[in-house]
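Here is the structure we will look at, set down as structure tokens.
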Amino acid sequence: MTAYWLVKSEPAAWSWDDQVRDGTTHWHGVRNYQASNNLKAMKLGDLAFFYHSVTGKEIVGVVEVVKLYYPDPSDPKGIFGMVDVKAVKPFATPVTLEQIKHDDQLNHLALIRQSRLSVMPIDVEAWKRICALGGITA
DNA sequence: GCCAACGTTGGC
DNA sequence: GCCAACGTTGGC
């Protein structure tokens, strides 16, 4: 059973274009227990929305989990881990934070309620709805 | 173990 | 650029 997620990245640091160019990458740098626990819960083949935070504030594409949680070598304390993700497809139309905030079926998401969380689960209904808004098939 | 101080994220 | 939210750190 595929689970669905959302991961955030500031495009100035790491953008969807960077992700597409490099294909498969290490989702390193998470330094928050809740986000890290979400990474830990990801399974191979799970899908995640790729969200541009700060600049853009919109979901721009879909990535797939291709390697399970393992230690993040960039964490000097060796506490946090990461997964590997691969670009799957871009949204035909990016779905903005503004849209999600004003959508009765979507404004329950942690993206709105917990704005600082950088890795979060997305329920199936919300996944389907956002895919529809983005002009892609779920 | 509490809590004040501090640092970071991310929307506005 | 500001600041609210909130997680982390460290003194006690």
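All of these numbers come straight from a predicted model, not from anything done at the bench. Here is how names work: the chains are called A, B, and so on, in the same order as the sequence lines, proteins then strands, and each is numbered from 1.
Of the candidate nucleotides dG7(B), dT8(C), dG11(B), dG7(B) has the atom lying nearest to any side-chain atom of Arg116(A). Nearest nucleotide to the side chain of Gln114(A), out of dG7(C), dG10(B), dC12(B): dG7(C).
At whole-Å resolution of the value, CG in Asn32(A) and C1' in dG10(B) are 13 Å apart. Spacing between atom CD of Glu58(A) and atom C1' of dG11(B) amounts to 14 Å, rounded to whole angstrom units. Rounded to an integer number of Å, the gap from CG of Leu6(A) to P of dG10(B) is 11 Å. Atoms OH (Tyr33(A)) and P (dT8(C)) sit 7 Å apart, rounded to a whole Å. As rounded to whole Å, 21 Å separates atom P of dA4(C) from atom CG of Leu117(A). Spacing between atom CD1 of Ile112(A) and atom P of dC6(C) amounts to 14 Å, rounded to whole angstrom units. Between Ile100(A) atom CD1 and dG10(B) atom C1' there is a gap of 15 Å when expressed in whole angstrom units. Rounded to whole angstrom, the span from the CD atom of Glu98(A) across to the C1' atom of dG10(B) amounts to 15 Å.
For dC12(B), one of the phosphate oxygens OP1 or OP2 lies less than 4.0 angstrom from a side-chain nitrogen or oxygen of Lys101(A). Taking only side-chain nitrogens and oxygens, Tyr51(A) comes nearer than 4.0 Å to OP1 or OP2 of dG11(B). Distances shorter than 4.0 Å separate none of the side-chain N or O atoms of Lys8(A) from OP1 or OP2 on dT9(B). In this model, the phosphate group of dT8(C) is not approached by any side-chain N or O of Lys77(A) to a distance below 4.0 Å at OP1 or OP2.
No hydrogens or angles were tested; on distance alone, nothing pairs the side chain of Arg31(A) with the base of dT8(B) as donor and acceptor under 3.5 Å.
Side-chain contact between Ile130(A) and Phe49(A): present, with at least one pair of heavy atoms (C-beta onward) separated by less than 4.5 Å. In this structure, Leu6(A) and Ile59(A) have side chains that are in contact, with non-hydrogen atoms separated by less than 4.5 Å.
For Phe80(A) and Tyr33(A), the distance between ring centers is under 6.0 angstrom. In this structure, the ring of Trp5(A) has its center no less than 6.0 angstrom from the ring center of Tyr51(A).
Between Asn38(A) and Met120(A) the shortest heavy-atom distance is ND2-CA, 3.7 Å.
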